[in-house]
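Both backbone and side-chain heavy atoms feed into the values below; hydrogens, waters and symmetry mates do not.
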Amino acid sequence: MVSPVEKQIYLFMLVIVTLVSVSSFKVATSASLSAPSSRSPEGQEAEALLKWRDSLDNQNQSLMSSWFGKSPCNWTGIACNEFRSITNISLSSIGLRGTLYAFGFSSFPSLLSLDLYHNSFYGSIPSSLGNLSKLIYLDLSFNQLFGRIPSEIGLMTSLHKLYLDDNAINGSIPEEIGSLSSLKVLGLSGNSLTGPIPASIWNMGNLSLLYLLKNELTGTVPQEVGNLKSLNQLHLQFNNLTGPIPASIGNLVNLTILALLENNFYGSIPPTLGNLTKLTLLDVQQNQLSGPIPPEIGKLKLVFKLGLFINNLNGSIPGEFKNLTNLQNLGVGSNMLSGYLPPDICTGGLLVNFTANDNYFIGSVPKSFRNCSSLYRVRLDRNQLSGNISEDIGVYPHLNYIDLSYNNFYGELSQKWGQCQSLQSLKISNNRISRRIPPQLGESLQLQVLDLSSNYLVGAIPKELGRLASLFDLNLGGNKLSDSVPLEIGRLSNLEKLNLAANNLSGYIPKQLYGCLKLLNLNLSTNGLKESLPSEIGSLESLQVLDLSHNLLRGEIPPQFGELENLEALNLSHNELSGSFPSTFDNMLQLTAIDISYNQLEGPLPNIKVFNEAPIEALESNKGLCGNATGLKKCQSTIRNRKKNKNIILIAALILGTLFLGFIVVGFLYIRRHQTVRKAHEMPRGAQTENLFDIWSYDGKLVYEDIIEATEEFDSKHCVGAGGHASVYKAMLQTGQIVAVKKLHTLQDGGIANIKAFESEIRALSEIRHRNIVKLYGFCAHPRHSFLVYQFLEGGSLERVLRNDREATMFEWTARLNLVKSVADALSYMHHDCLPPIVHRDISSKNILLDLELVAYISDFGTARILKPDSSNWTSFAGTFGYTAPEFAYTMEVNEKCDVYSFGVLALEVIMGKHPGDLLISVLSSTTSTALDTPLRDVLDQRLSPPKDQVAEKVMFVVKLAFSCLQTNPQCRPTMQQVSQELSIPKVPLPLTLDKVALEQLVSHA
């Protein structure tokens, strides 16, 4: 028998022997790895990668230039374990194109992560993919792969995350995919998958995210969906699924997002959904659901979006909705709901979007709406609502769209609408609104659509509406408005539709309407307008519909009307027009509808199809028309010849008279020549040459004088900013429009400071039309005062906001993310949608201006460069230190990658709340992956509370996107088009050139 002491000695010796053996094995292994042969595992993996690389259609040379030799662990995009066997391949968003057929999947026994996201791989997914038995992470999304998902994918039993989204994969989802029992994320969205969802998927108990949206899946969702107890998000939207929504979904108590919209689900909404107390988004819109809304929905206290519209739901909205205090988006429109709107719908003060249109609701607007300052979009149209509209309306600083049409509201329009400075669309047609239109509506300067038609409005149309420079649809028809048409309507240069029909308007049609150059539809019918038709209407080249019927118009039809080459419908009936049709109408080949009945017109009709085929009702009750139309008498050729001869004599007389008059005019001009030259030198260039400020329907000289007056000849008290070459002034013009005037400093010799920047800014902005780029209204080049006129943005610069602690604290994460996306969209437009492309060259926080809603606008194009492919794009240094790409210091070559780098700096500045100076140094002196080791808490603006949930993911995504834009090698940076597209993707993928695992580690530091 062995004693306890002997037993301990024996065990101790056994441990020593084991340690010595293991140490010897490691030494031997290390020795063998230090000199790999071509047939070693390391050499075999290198050989497999090089073979695959050589099979590709194109290669990212800057990235894959490190791919040589037999030690892949040092190659870009490759990571190895301690035994020098490849564990990670990360080649996302680098423009690779080719197939996966030559990829030796069996050559990588240790591979844990394969990331080929956002390239151009095509062909089918090889079945040999199943050899990657240890793979944990696979991302082949956003490529061009097609064919079926191989059933061998079920062999990859270690997979935790599988992304095949946004390809062209078709066929059915293989049943074998259910064998992936460890899978937590399954992304198959954005393909062409068909057939039912495999039953095996409903047994994947570890699944937390299921993305099957945007396919062509059919069949039902069975009760077994309740087995997915770990599920956090279920996305089945945009398919052809049918059947009832299973009640067992109520068992998924961890669910935060349930998206079933745009399918063919029918039946009632299961009350068991009330068990999903963690739900933040429930969207079942655009199905065929019926029955009442279950009151249990009121238990979902965390829901911020509830989409129920476009179904067949009936009954009333449950009173339990008062518990939904986090609600931001509620859509119940286009159903058969009745009863009253919930009185406490905005008690939480967060409601942004509320659509309840096309139902049978009664009663008044909920009282909680009066102080619901968060509202952005409201649709209550086509119900049976009533109440005094002036008492139920408050001031909504964020309101963008509201439609209260087709109800029974009464009372007068509130003056408060003018204080809704973000309002773009106001529709209150077909109600019982009375009294006058408040002139304060002219203060809502963002209005694009104003529809007050079919009410009982009286009085004159306020001339203040002429301030609404963005208006493109104005409908005041069907009221009792009186007086004349305001001349100020002619200032609405963006107007496309003008309807003032069926009122009591009098006076004449103002010739100033020629200022509405974009007008498509003009309807002034059924009024008391008189006098002659203004020939200036013939200059409205875009006009498609013109209705001046049922007035008291007289005189002849101007020949200029025949120049309306795009006109499709013309109604001049029920007037007192006389004379014959001008010959210019012979060219109006687009005209398809005509009505000239009940006038005193005579003579031949134009010989074109619309007149020849017109019904007699459209021509009747005139003085003596003739032509080829059915029911009209034929025209006599002798009459035409007599008329022709008379015209020839008249033309000859006019020519002789013109020549005689010409001799007199030439003599007069000779005498006045020197006076004219002297006056021309005294006038600003903008007034001499062309109407550069026609947005106000004024000539350049008047606007020049208006600006001088508004700034008191550029008095310093109107100055809102100054730089080395120019100062910026705030000016309110006589129209009420507030503009920013950038006045260039004048040199001692009378020249303009930095004239090159002045010309560059005009050249660039005259080519640009984008919602996130500051608008240039006009310019003036004059030795005394040279300036540019822009839209005025009251929020100031991004640099100023970030430096102000109080304002920066109010600049919350969602607004910052929106700002980054807006700048990316604008740069993408400049680089990829402008021909030739425009490079800004000075993207910085001082050149990003904000409106009062913190919407971003790129400004200051003084250094902008228009790229011409046939000429040199090399230049001198331009830009702001700290934002300029490092290569520009030694290449001086202008290209889009300079702006990409500056955008990366700006994006980090927005997230950090300050310029990322020290962080940039670490990025430039090390790899991007090293820079990502910075704890996330050190990257976030400490003045804000840390972001949470989806917002936190988006912030992380922007940080990573910014780092990818800061690559030292310009060719490794993404394009702004790629950046813009990435920021538009609803799923938060982890793209471009950085390792996803590294980013997840970054999060863990926070």
D403 and S405: side-chain hydrogen bond (donor to acceptor under 3.5 Å, both in side chains), yes or no, with the steps? CA-CA 6 Å; D403 192 346; S405 303; 2.8 Å; yes
Main chain of V801, side chain of N804: is a donor-acceptor contact present, judged purely on distance under 3.5 Å? no
For R816 and L802, run side-chain contact (heavy atoms from CB on, under 4.5 Å): C-alpha distance rounded to whole Å, both residues' side-chain angles, the deciding distance at 0.1 Å, then the answer. CA-CA 11 Å; R816 297 193 187 202; L802 291 178; 4.2 Å; yes
Inspect the surroundings of CZ in F714 and state if more than 12 heavy atoms from other residues, nucleotides or ligands are less than 6.0 Å away. yes
Could you walk me through whether D483 and L505 pass side-chain contact (heavy atoms from CB on, under 4.5 Å), step by step? CA-CA 5 Å; D483 212 338; L505 299 174; 5.7 Å; no
May I ask you to check if K743 and F787 form a cation-pi contact, with NZ or CZ under 6.0 angstrom from the six-membered ring centre and within 45° of the axis? no
Between K427 and D381, is the salt bridge (charged side-chain N to carboxylate O under 4.0 Å, His left out) condition met? List the steps. CA-CA 9 Å; K427 299 180 181 181; D381 51 295; over 6 Å; no
What closest approach, in Å, do P486 and K463 show between heavy atoms, and which atom pair accounts for it? CB-CA, 4.2 Å
Can a donor-acceptor pair be found between the side chains of S525 and N523 at a distance below 3.5 Å? yes
Would you indicate whether the side-chain heavy atoms of L413 and Q440 approach each other to under 4.5 Å? no
Near R943 CZ, under 6.0 Å, is it more than 12 heavy atoms from other residues, nucleotides or ligands? yes
Would you please classify the geometry between the F354 ring and the F369 ring as parallel, tilted or perpendicular, with 30° and 60° separating the classes? perpendicular
Give the intermediate values and the outcome of side-chain hydrogen bond (donor to acceptor under 3.5 Å, both in side chains) for residues S422 and E853. CA-CA 8 Å; S422 299; E853 306 305 322; 3.2 Å; yes
Main chain of I911, side chain of D941: is a donor-acceptor contact present, judged purely on distance under 3.5 Å? no
Are a donor atom and an acceptor atom from the side chains of N504 and S482 found within less than 3.5 Å of each other? no
Are any of the side-chain heavy atoms of E464 and R467 separated by less than 4.5 Å? yes
Indicate whether any N or O donor in one side chain lies under 3.5 Å from an N or O acceptor in the other, for K518 and N494. yes
Between E391 and R370, is there a salt bridge with N-O shorter than 4.0 Å? no
For the residue pair F792 and I738, what are the closest heavy atoms and their distance? CB-O, 3.6 Å
If we only count heavy atoms from C-beta on, is the L423 to I402 side-chain gap below 4.5 Å? yes
Is it true that the side chains of S390 and E412 contain a donor and an acceptor less than 3.5 Å apart? no
Least distance between heavy atoms, S334 atom then N359 atom: N-ND2, 3.7 Å
Between T809 and D805 (side chain of the first, backbone of the second, donor and acceptor by atom type, cut-off under 3.5 Å), is there such a pair? yes
Which pair of heavy atoms, one from L445 and one from L468, lies closest together, and at what distance? CA-CD2, 4.1 Å
One pair to check against ring pair (Phe, Tyr, Trp, His ring centres under 6.0 Å): Y790 and Y777. What are the steps and the verdict? CA-CA 5 Å; Y790 301 96; Y777 289 150; 8.5 Å; no
Look at the side chain of N772 and the backbone N and O of A856, then say whether any donor-acceptor pair between them is shorter than 3.5 Å. yes
Can you tell me if CD on E812 sees more than 12 non-hydrogen neighbours from other groups inside 6.0 Å? yes
Taking side chain as C-beta onward, heavy atoms only, is V458 less than 4.5 Å from N479? no
Considering only heavy atoms from C-beta outward, does the side chain of L306 approach that of F321 to under 4.5 Å? yes
Test item: S859 side-chain N/O and N847 main-chain N/O as donor-acceptor pair under 3.5 Å: yes
Between the main-chain N or O of L447 and the side-chain N or O of S444, is there a donor-acceptor pair closer than 3.5 Å? no
Side-chain (N431) to main-chain (N407) donor-acceptor, under 3.5 angstrom: yes
Using atom types as modelled and distance alone, determine if a side-chain donor or acceptor of N503 lies under 3.5 Å from a backbone N or O of L476. yes
Are E909 and K914 close enough that some pair of their side-chain heavy atoms sits under 4.5 Å apart? no
Heavy-atom closest pair (S368 atom, I345 atom, distance to 0.1 Å) is OG-N, 3.6 Å
Is there a side-chain contact between V352 and H398, using heavy atoms and a 4.5 Å cut-off? no
Can you confirm whether K742 sits close enough to D860 that some side-chain heavy atom of one is under 4.5 Å from a side-chain heavy atom of the other? yes
Under 6.0 Å between the ring centres of H770 and Y829? yes
With R432 as the cation and F409 as the aromatic partner, state whether NZ or CZ is under 6.0 Å from the six-membered ring centre and within 45° of the axis. no
Write down the atom of N323, the atom of K301, and the distance for their closest heavy-atom approach. O-CG, 3.9 Å
